[in-house]
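Just so we're clear, the structure is a prediction, and the values are computed from it rather than from any experiment. The figures here come from the full heavy-atom set of this structure, side chains too, leaving out hydrogens, waters and symmetry mates.
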Amino acid sequence: MNSQILERVESSGVCGIKKTELKKIFGTDCEASLDSLAKEEKIIVDNKGIAHFVWSKDNYISHLSQNDPKFKILSGL
């Protein structure tokens, strides 16, 4: 199941995918897989407003560089 979840997260792109959407697709059992992938540093789970979103590592960095002004300042140095 880990590879299916990782594939789905990577295909979500820079926008990420809501954790609740993954639970709808894979069932509530995906929570253990998400924890495992997060510990292996293959995915990032972060709050975006009141929802938890999941990104692949590369997509999360791209998301930050486009949306977080603090990241833009640091990456510009």
Side-chain angles (χ1 to χ4, degrees):
M1 182 188 290
N2 284 7
S3 62
Q4 293 173 331
I5 292 174
L6 183 58
E7 184 179 312
R8 181 69 178 197
V9 170
E10 288 175 342
S11 69
S12 67
V14 177
C15 295
I17 186 168
K18 284 186 179 180
K19 195 173 182 180
T20 54
E21 184 68 27
L22 291 172
K23 287 182 181 179
K24 287 179 188 176
I25 296 168
F26 297 104
T28 56
D29 296 338
C30 75
E31 193 72 41
S33 294
L34 289 171
D35 290 340
S36 171
L37 290 168
K39 285 180 184 175
E40 294 172 14
E41 296 183 355
K42 293 184 177 179
I43 63 168
I44 308 287
V45 180
D46 197 10
N47 291 345
K48 186 177 173 185
I50 59 171
H52 288 87
F53 276 75
V54 182
W55 288 272
S56 67
K57 201 172 188 178
D58 293 334
N59 287 338
Y60 185 68
I61 291 171
S62 296
H63 168 76
L64 284 178
S65 67
Q66 293 175 7
N67 298 306
D68 189 344
K70 290 180 266 181
F71 189 83
K72 288 178 186 176
I73 292 170
L74 291 176
S75 64
L77 297 176

From [X] atom [atom1] to [Y] atom [atom2], the distance as rounded to the nearest 0.5 Å:
X   : Y   : atom1 : atom2 : value
S56 : L37 : OG    : CG    : 11.0 Å
I43 : Y60 : CD1   : OH    : 12.5 Å
D46 : W55 : CG    : CH2   : 5.5 Å

Quick one: does [X]'s side chain get under 4.5 Å of [Y]'s, heavy atoms only?
X   : Y   : result
I61 : N59 : no
K57 : K42 : no
L6  : S3  : no

(request) Please name the pair of heavy atoms, one in S33 and one in M1, separated by the smallest distance, quoted to 0.1 Å. (result) OG-SD, 3.8 Å

(request) Identify the heavy atoms of V54 and V9 that sit nearest to each other, and give their distance. (result) CG1-CG2, 3.7 Å

For residues 16-27, run the donor-acceptor check on the side chains, cut-off 3.5 Å, and write out each pair with its distance to 0.1 Å, sequence neighbours left out.
{"unit_1": "K19", "atom_1": "NZ", "unit_2": "E31", "atom_2": "OE2", "d": "3.0"}
{"unit_1": "K23", "atom_1": "NZ", "unit_2": "E31", "atom_2": "OE1", "d": "3.1"}

(message) Are more than 12 heavy atoms, taken from residues, nucleotides or ligands other than E40, located less than 6.0 Å from that residue's CD atom?
(response) yes

